[in-house]
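Have a look at the structure below before the remarks.
Letters A, B, ... mirror the listed sequences (proteins, then strands); counts begin at 1. Here the structure is a predicted model, which is why all the values come from computation and not from measurement.
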Amino acid sequence: MDVPVQRVVRPRTLDEALVMLAEQPRSRPIAGGTDLMVQLRDGRRSADTLVDLDGLDLAGVHEVDLGVEIGAATTMDAIARHPLVRRRWPALAEAAALVGAWPIQCRATLGGNLANASPAADAVPPLLVADAAVRLASPSGERTIALERFFRGPGTTVMAPGELIVAVLLPAPSAGRVVERFVKVGPRREQIISMVSLAGRAVVSADGTLHDVRVALGAVAPIPVRARRVEAHLEGRRPDAATRREAAARLQADIAPIDDLRAPAAYRRIAAAVLLDRFLEACHG
Amino acid sequence: MTSHLEPVPGPLGGRHPRIDAAAKVTGSTRYVADLALPGMLHAALATATVASARVLGVDTAAARAHADVVAVLTAADVPANSIGVIFGDQPLLVTDRVRMVGDRFALVAARTAEAAWTAARLVGASLEELPGVFDPVAAVADDAPLVNGASNVFRTFHVQRGDTAKQAKRAAVVVEAEYRVGGQDHAYLEPQGCLAIPEGRERITIVASCQCPFYIQQGVASVLGLPLAAVRVEQAPTGGGFGGKEDYPTEPAACAALLAWHTGHPVRLIYPRELDLQATTKRHAMVVRHRWGADRAGRLRFAEVETFMDAGAYVGLSTVVAERANVSAIGPYHVGAVRVATHVVYTNNLFGGAFRGFGAPQVTWAAEATMDKLATRLGMDPVELRRVNVLDDTRRTICTGQRLRTPVLAREVLDRAVELAGWDGFRAAPPAADGAWRHGMGVSLVLYGCNLHWGGQRLDRSSAVVILQADGSVVVRVGLTEMGQGNLTACQTVAAAALGVDPSQVQVWQPDTTTVADSGPTVASRGSLMSGRAILDAVRRLRVRLDPVAAELLGCRPGEVELAGGFARVAGSPERAVAMQAVAKEMSARRIETIATGWHRTKARRFDPATGQGAPYEFYAMACHVARVAVDPGLGIVRVEEVTAAHDVGRVLHRDALEGQIHGGVVQGMGWGVSEELRLDRGRLVNPNFTDYVIPTSADAPRITIALVESDSEAGPCGAKGIGEPSFIPTAAAVRNAVCDALGVEVDTLPLTPPRLVEALGERHPFAWVVEAATRPATEHEPATVGPRA
């Protein structure tokens with residue numbers, strides 16, 4: 001079956017796109033379309049008009065004063081291969097390389113991954129541990145909000161009608177000896193939606209204590225979450241066995257998994273604890 | 001006359017290019033969805049979304065009113081509304097009762113596929129939901145709601161051999177277990193599809209993605225009330241079958257045929273993937289109960305097996321699946337006494353049907369799990385226990401009492417697989433854990449009956465036509481199909497070998513019911529066996545006319561003619577040769593008949609269905625797989641690292657095709673064993689897509705090491721045995737045993753998904769405690785109170 005859409009329009013500038021999105025009722029932006037096309041076909045989302053973001057110069061990784069700005073239309077493949085991202089935000093590069101399969105990575109965009117607002121979105125936990133912010137545009141102007149406040153629930157965000165994600169801002173990571181990881185769990189090696197995913201980032205001091213610890217998880221709550229209780233507990237501690245056990249316990253209050261067809265809640269709790277433990281073990285080593 | 005002195009190796013056992021490969025990989029092959037005709041309409045199905053209901057009425061007004069809709073048909077428009085392949089328990093369109101999700105209320109034909117499916121959703125069915133049955137064991141209870149007919153147990157099949165009570169007294173260890181073995185979707189690349197082309201009211205052609213054109217011919221003729229000769233079925237190039245295009249394609253073909261008959265237009269029906277996953281036949285989910293015992297020496301004294309097969313709401317082929325399951329239920333082992341009872345049970349779940357292995361994989365999974373449990377109880381190596389019990393030339397009676405033909409190669413495949421896999425070294429010094437990964441190794445054997453069971457003997461025949469063209473090239477037609485498994489190439493190889501020509505000179509065309517006689521279904525690993533034997537027969541008959549012509553050209557007697565290397569030559573004097581082209585040209589010039597038909601049927605056998613004793617299959621193939629796995633117990637993830645597959649294949653016809661079958665069987669078997677799970681909610685599939693129905697990708701494929709144990713036998717053409725199914729059956733069982741070896745716990749439910757393995761570890765998982773911790777108030781999260789239990 002085809003996608004039940006009336007028309008596709010191709011704006012030439014961002015302003016034109018924003019006007020189209022604002023003026024056309026039942027319109028949606030489309031970039032890679034790897035989520036949207038499937039959802040339109042299944043009736044999980046609907047649109048009369050698709051506004052094609054291709055050609056608006058929204059792709060690319062640009063260094064800015066305080067870090068980098070990744071254009072919303074940057075593909076996962078471009079992110080996974082970008083030298084600067086790989087060096088300074090390795091968890092994001094790793095996650096981008098695990099989205100779907102490689103052909104999907106060549107179409108799927110970072111902005112799309114956020115707009116789709118899946119609790120299991122692979123790119124989100126690494127962005128959360130990077131303290132990323134999202135730049136939104138609309139005909140009335142721009143605003144920037146922290147990614148942690150961007151999602152409202154499965155498939156929904158704080159974006160107003162007509163608002164468009166234009167970029168994601170990653171502040172420069174803290175200096176020092178940093179351990180950063182992204183791991184996803186699924187029943188096959190590639191091309192799988194996460195049952196649980198975890199991104200972790202910590203600065204390890206010379207004495208082995210952890211600082212600026214950030215942990216984020218996917219598929220364990222209605223939205224991807226930062227494990228704030230875990231982070232608070234770990235600050236200034238050495239990740240020895242007792243600390244790791246306590247972190248695993250506190251993690252359970254940071255997450256709220258459910259039983260669904262991909263995994264039962266109990267499995268998600270256990271697997272999240274294992275992923276956290278392994279991340280902390282890596283920090284300990 | 002050309003001389004030809006060097007002996008030429010024939011194509012048998014070689015690797016010449018597959019007949020269909022280049023066209024398929026370059027996108028030149030035209031599948032049924034690529035075919036369109038002027039005036040063609042598109043069909044869609046209005047189907048039930050609940051599994052059990054009374055039908056109060058079907059309202060088609062809105063669908064009829066939809067733009068571009070040409071026809072909407074209901075049960076009242078069907079001349080003969082029954083589609084069951086063996087039993088008449090299934091209507092093509094439902095009238096009074098919905099028994100499964102996907103049952104059809106109405107058929108729609110429209111000018112576009114979009115309009116057809118949109119209109120199909122506008123068909124209103126007024127339903128009164130009824131209680132359903134969603135478990136084959138629960139379905140057997142006295143108070144279970146009835147699904148279809150007077151009892152939910154449609155039939156029970158038995159094997160009774162020896163006195164199990166008496167033998168049980170000699171058992172030192174007894175294992176009792178209940179295995180829950182899940183179903184599987186075929187996941188063929190190409191969904192179900194067909195094109196029906198009417199010619200007036202006289203006759204009709206069906207072009208279908210299918211395994212069994214003759215089944216479709218019979219089904220369509222029966223539904224439309226036509227003679228068989230008025231229904232022509234042409235097999236379209238078929239993008240995968242695995243059993244899913246055995247019985248099922250008759251249903252879409254009958255739907256398209258009805259619409260074509262009614263509208264007078266060609267009608268094409270292509271299933272959307274979601275409907276294909278929900279409504280078409282699946283591997284049967286089974287519950288298998290075991291009570292097996294062995295003496296101190298490990299000799300199997302008795303085996304009791306009771307199996308509940310989830311047939312779904314219609315019998316389909318389930319009875320035949322049960323018969324095959326029974327023969328493989330205790331594996332290729334010698335057992336003192338055997339009791340097997342397999343119940344074919346109606347439920348409101350998915351429709352059980354044909355799938356590679358046909359009942360044998362489920363019971364093999366259970367049998368090989370029990371063998372490992374017995375080995376554990378006896379303190380024996382799993383391979384040693386199998387060696388004590390495996391059939392061989394000296395001990396070759398299977399559970400049906402049939403004495404197998406020699407050579408019986410079960411011991412050989414076991415020894416070869418175990419040696420190649422490095423079993424002894426692995427057991428003596430298991431590899432150390434590699435980070436989170438722990439290693440395990442497991443073994444499984446299978447006893448596989450080739451061709452059709454005694455109950456299907458009447459279908460076990462095959463037709464071929466061989467036409468020698470005037471230029472020496474050869475056209476071959478057979479009644480069995482190519483669905484990706486390599487039958488065209490196998491037939492090409494056999495014909496080329498028999499005629500002594502290069503395979504490139506032989507073109508085997510897709511079957512068409514008007515070119516050959518009913519050859520039965522392309523199932524049971526019988527494609528190349530049965531087609532090949534019929535081709536040999538056709539070549540034999542062709543040579544009755546060919547050899548005298550060649551003899552005349554060669555100046556010898558017809559009995560001295562041999563065909564090899566592209567020449568007819570004098571036996572014993574290979575330098576006296578004439579090219580086959582010259583022989584063909586001469587036959588054409590003399591107007592000698594260059595077309596010959598061939599026929600093969602299997603030998604008649606005796607079997608008693610009441611006791612399951614007799615000769616259910618003509619001959620057997622053995623196989624042994626050894627799996628080496630890495631398991632991450634923390635996350636419950638399984639990586640199948642290597643599968644060593646030893647197969648008793650008779651003689652190799654085409655090596656690439658044979659190895660391809662084994663590679664495919666192993667990967668498909670692994671997928672069934674570890675990740676593929678049909679998740680049902682009251683009969684509705686909740687993961688009808690390849691996002692959540694998780695088949696392996698090439699990234700998951702293990703290293704596959706193949707050992708072919710060849711032998712001469714009177715099996716198929718040139719000594720070949722079937723490989724399609726035996727290549728699948730042992731893998732999941734070997735993987736299960738390897739995973740249990742790695743984890744040190746028993747897992748008796750298939751598939752072995754991450755949550756299932758973590759659950760199986762229970763309190764042995766170092767973080768099992770977090771689940772309970774999560775339910776306690778946060779204030780209790782004091783460091784001193786938190787931690788794994790001792």
Side-chain angles (χ1 to χ4, degrees), chain A residues 1-4 35 38 41-43 100-102 120 183-193 195-196 198 220 229 233 237 241-257 259-278 281-282, chain B residues 44 112-114 117-118 272 274 435-436 632-639 671 674-677 679 681 686-687 689-692 694-700 751-759 761 765-778 780-783 785-788:
Chain A
M1 274 182 291
D2 281 352
V3 169
D35 282 315
V38 178
R41 200 194 69 136
D42 291 354
W102 182 64
V183 187
K184 68 186 271 190
V185 180
R188 76 182 155 208
R189 292 194 203 186
E190 291 181 357
Q191 215 171 337
I192 191 71
I193 294 179
M195 294 163 136
V196 180
L198 178 142
V220 292
R229 292 173 181 82
H233 177 71
R237 289 180 200 264
T243 300
R244 297 205 302 271
R245 272 203 303 280
E246 178 59 15
R250 289 184 185 236
L251 175 65
Q252 303 309 318
D254 280 327
I255 63 178
D259 292 332
D260 71 13
L261 68 98
R262 290 180 192 135
Y267 173 80
R268 290 187 154 111
R269 288 194 176 280
I270 292 170
V274 169
L275 294 183
L276 175 63
D277 189 63
R278 289 181 184 174
E281 219 166 15
Chain B
T112 68
E114 290 71 31
W117 290 103
T118 302
E274 291 79 0
D632 175 344
L635 299 171
I637 295 172
V638 174
R639 285 188 173 171
V674 305
S675 65
E676 296 182 35
E677 188 164 26
R679 303 287 301 265
D681 173 18
V686 296
N687 54 342
N689 54 64
F690 292 141
T691 302
D692 289 312
V694 180
I695 61 174
T697 73
S698 50
D700 303 286
L752 309 178
T753 58
R756 193 158 280 139
L757 293 186
V758 166
E759 191 188 348
L761 284 170
H765 191 289
F767 287 98
W769 56 270
V770 302
V771 177
E772 203 183 308
T775 61
R776 292 203 300 264
E780 285 186 30
H781 283 165
E782 298 303 325
T785 66
V786 173

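- Side-chain contact between A/Y267 and A/M195: present, with at least one pair of heavy atoms (C-beta onward) separated by less than 4.5 Å.
- Heavy atoms of A/I193 lying under 4.5 Å from chain B belong exclusively to its side chain.
- Options B/V638, B/D692, B/T697 differ in how many heavy-atom pairs under 4.5 Å they form with chain A, and the most are formed by B/D692.
- When heavy atoms are compared at a cutoff of 4.5 Å, B/D632 approaches chain A solely by way of its side chain, counted from C-beta outward.
- Ranked by non-hydrogen atom pairs under 4.5 Å with chain A, the options B/D681, B/I695, B/V686, B/L635 are led by B/L635.
- With a 4.5 Å cut-off on non-hydrogen atoms, B/R756 does not touch chain A at all.
- No other option in A/P264, A/A271, A/A263, A/A273 has as many heavy-atom pairs under 4.5 Å with chain B as A/A273.
- Residues passing the salt bridge (Lys or Arg N to Asp or Glu O under 4.0 Å) test with A/D35, sequence neighbours excluded: none.
- Heavy atoms of A/D254 lying under 4.5 Å from chain B are absent altogether.
- Contact annotation for A/A242: neither backbone nor side-chain heavy atoms come within less than 4.5 Å of a heavy atom of chain B.
- Closest of all the heavy-atom pairs between A/G186 and A/I192 is CA-CG1, 4.1 Å.
- In this structure, the side chains of A/Q252 and B/V771 stay at 4.5 Å or more apart for every pair of heavy atoms.
- Judged by distance alone, the side chain of B/H765 and the main-chain N or O of B/E759 form no donor-acceptor pair under 3.5 Å.
- For the set B/N687, B/T753, B/V758, B/V694, the count of heavy-atom pairs under 4.5 angstrom toward chain A peaks at B/V694.
- The backbone N or O of A/R188 lies less than 3.5 Å from no partner atom in the side chain of B/D700, so there is not a single donor-acceptor pair.
- Partners of A/R237 according to the salt bridge (Lys or Arg N to Asp or Glu O under 4.0 Å) rule, which considers only residues two or more places apart in sequence or in another chain, do not exist here.
- Residue contact with chain B, scored on non-hydrogen atoms closer than 4.5 Å, is absent for A/R268.
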